[in-house]
Amino acid sequence: MSVENMTVTTIFDKSQEGRKGLNLPVLDVEAKTTLDSSLLRKEKAKLPQLSEFDVVRHFTNLSNKNMAIDKNFYPLGSCTMKYNPKIAERVAGLEGFSSIHPHVITNNMNEDVQGILETVDMLEKNLCEVTGMKKFTTTPQAGAHGEMLGIMMIDKYHRSKGNKRKYIIVPDSSHGTNPATATMVGYEVITIKSDANGGMDFDDYCAKMNEDVAAVMLTVPNTLGLYNPRIKQLCEVAHKYDALMYYDGANMNAIMGVARPGDIGFDVIHINVHKTFATPHGGGGPGSGPVGVSEKLMEFLPDLGIKKVNDIYEFTTGGKNSIGKISPFFGNYGISLRAITYMTTLGGNGMYNTSSKAVLNANYILNRLKDYFDVPFGNKCMHECVISAKTLAKGGVTAMDIAKYLLDFGMHAPTVYFPLIVKEAIMIEPTETENKQTLDLFCDTMIDAVNLAKKAPADFQHYPKTLGVCRPDDTMAIKNLNVRYEQ
Amino acid sequence: MKKYSESHEWVEVEGDIANVGISSYAVEQLGDITFMELPEVDSEFSKGDSVAFVESVKAASDIYTPISGSITEVNELLIDAPETMNEDAEGTFIFKLKVSDMGEIDALMSQEQYDEYKETL
């Protein structure tokens, strides 16, 4: 391992006074500025000074340090880190799409961007088809933004009917964003415990459901990778009290072309298209979270939509009950393009196959590992499986230690310590895009880890051994976070 | 004598005031604690209400009051030094409560019952 790989130097450390990427001819006219002098810098900006080659080498080396889906197996549970097909990148990179100025929308220049609006329309219609919802909006900027939009529409629905609602129900296996969204929109959260099968406890749910409940937020299949066979009943119970059903689409990769939330009885759904339909979000974004609604919520959709009049797409504003403007644009349009490319490339049968293989792969892993780890909810799962290092932890090796061990073998760690209701949880989502050899290599490495944990548990403190950083101090990072560069 | 709840709070009564904290088992599960949010003095709570909030490197979790009553004191030390919880969970109270129903305390688990309960988790 070279020193270059051990330490991270910033581009500022490499700066040399006077070094340039570009040499301009000597200025032979008078220098003038039209800006007021109060707007001008008093001292030069502290920019790094490097040659073009220095910059290229710096960023190429940085990118090589990254553990990325294009380089490594990345079974991060609930994140759907699938291969991002190059055709999706190619379409998103087409100049007609990528060079358009976003303000053609705010300036109402719809006639100049008919092709773009057609793709927005295509995506909305395709998402309706896949989910069974009546209408979609692609305006949210990310999944959590979409989630908030969904709950705000539910809030407006109740207000418009004069319903006084106080609570939102979530299961104890929910994503953290669900109770966070409910709280931000002004609701109190009721958490329902999971039963022995990993689903929301049905009796407790029925006992807590009444006319004070605004909505129920569910991820289907849930974060344990389980499909609740009583899901339709859950919807029926809520609807009896005019409580609406919110579908967190994070795990849509399990049911594409198999089941549709709209048919099950959900009233609103957000889809993380950057998970399910290409563009995995491991790079830190941008995300995209289109929201679909049932008939009941159509009138509350936000400002900025499109409709076709005489073969021309026009912008529309929301109706009189619209919750208003949540974003000036059609979300992160580049992600929308990748999603529409992905969907049209696969087609309906392709999407069905995708979900089927995602489920098959997760079950293969679960069944290869079930004799080595604790398996809290049996040996069947949907697109991801949750196993537990509870027994190993008694001998001193925790889920975190196993996760760190994997890094030395060129694999990204699975999600650990989530869902919160499983002790020493390890949540594995292989996705459909991995082949059997990769899955076997992962399982073999996990089994090796278990055997080693039983023989020499103390060794685990030292993993990973091959990377520049072994165990960063998480506590220190949270309490004394310092991300500011100082020379 | 300490009593325990199923959600891992402990209660120790002195006169009509109850000290409430979370068990060392709960703290072990949470890992290094990095942030705590405490209730306001004089606020009233019923048994099972979410009263305080704890955040660790692994998770964020509500702390429920195992008994009803009004808050008489909170442990301000924990705001600046939440890590005290990791050093001595069973010896660090989070809030004190004027007990409104002593019967609720009898219904909680003894140390032995709590130890047995932990084994089932």
Side-chain angles (χ1 to χ4, degrees), chain A residues 166-168 170 172-180 182-183 187-194 196 201 204 207-208 223 374 376 388-391 393-394 396 398-404 413 415-427 471-481, chain B residues 5-9 22-40 43-66 77-89 92 114-121:
Chain A
K166 254 177 93 176
Y167 303 105
I168 285 184
V170 301
D172 61 1
S173 60
S174 84
H175 289 117
T177 49
N178 295 169
T183 306
Y187 288 93
E188 281 180 47
V189 175
I190 297 176
T191 307
I192 308 274
K193 283 203 159 65
S194 301
D201 186 292
D204 193 30
K208 300 268 164 65
T223 59
D374 298 289
S388 159
K390 189 170 123 182
T391 307
K394 287 188 179 147
T398 64
M400 183 59 85
D401 294 327
I402 302 278
K404 297 284 184 186
T415 299
V416 288
Y417 300 105
F418 187 83
L420 301 173
I421 54 172
V422 175
K423 265 191 182 179
E424 296 295 330
I426 302 176
M427 185 196 213
R471 299 267 177 137
D473 186 340
D474 296 348
T475 314
M476 174 85 117
I478 292 172
K479 290 171 90 174
N480 299 313
L481 181 66
Chain B
S5 70
E6 286 186 6
S7 47
H8 308 288
E9 290 86 10
I22 55 175
S23 71
S24 51
Y25 172 84
V27 172
E28 267 166 42
Q29 297 300 311
L30 285 164
D32 283 343
I33 290 174
T34 53
F35 175 76
M36 291 201 67
E37 200 175 274
L38 304 173
E40 275 176 39
S43 43
E44 295 266 345
F45 291 103
S46 305
K47 178 187 169 202
D49 282 352
S50 162
V51 170
F53 178 78
V54 55
E55 211 171 289
S56 77
V57 285
K58 273 194 226 162
S61 178
D62 285 318
I63 296 172
Y64 304 95
T65 177
L77 172 77
L78 296 173
I79 296 170
D80 289 326
E83 63 275 10
T84 315
M85 297 298 299
N86 292 97
E87 288 152 18
D88 183 15
T92 309
Y114 181 60
D115 287 343
E116 279 169 32
Y117 168 70
K118 282 189 294 187
E119 285 303 308
T120 65
L121 299 175

To the nearest 0.5 angstrom, please state how far the CD1 atom of B:Ile33 sits from the NZ atom of A:Lys479.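 Result: 10.0 Å between the selected atoms.
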What closest approach, in Å, do A:Lys423 and B:Leu121 show between heavy atoms, and which atom pair accounts for it?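 Minimum heavy-atom contact is NZ-O, 3.7 Å.
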Within a 6.0 Å radius of atom NZ on A:Lys193, are there more than 12 heavy atoms belonging to other residues, nucleotides or ligands?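 No.
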For B:Gln29, is it the side chain, the backbone, both, or neither that has a heavy atom closer than 4.5 Å to a heavy atom of chain A?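 Answer is side chain: those atoms of B:Gln29 sit under 4.5 Å from chain A.
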Side-chain touch B:Val57/A:Ile478, heavy atoms, less than 4.5 angstrom: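 Yes. Closest side-chain heavy atoms under 4.5 Å.
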State whether the side chain of B:Lys58 and the backbone N or O of A:Leu420 hold a donor-acceptor pair below 3.5 Å, judged by distance alone.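 Side chain of B:Lys58 to backbone of A:Leu420: no pair is present.
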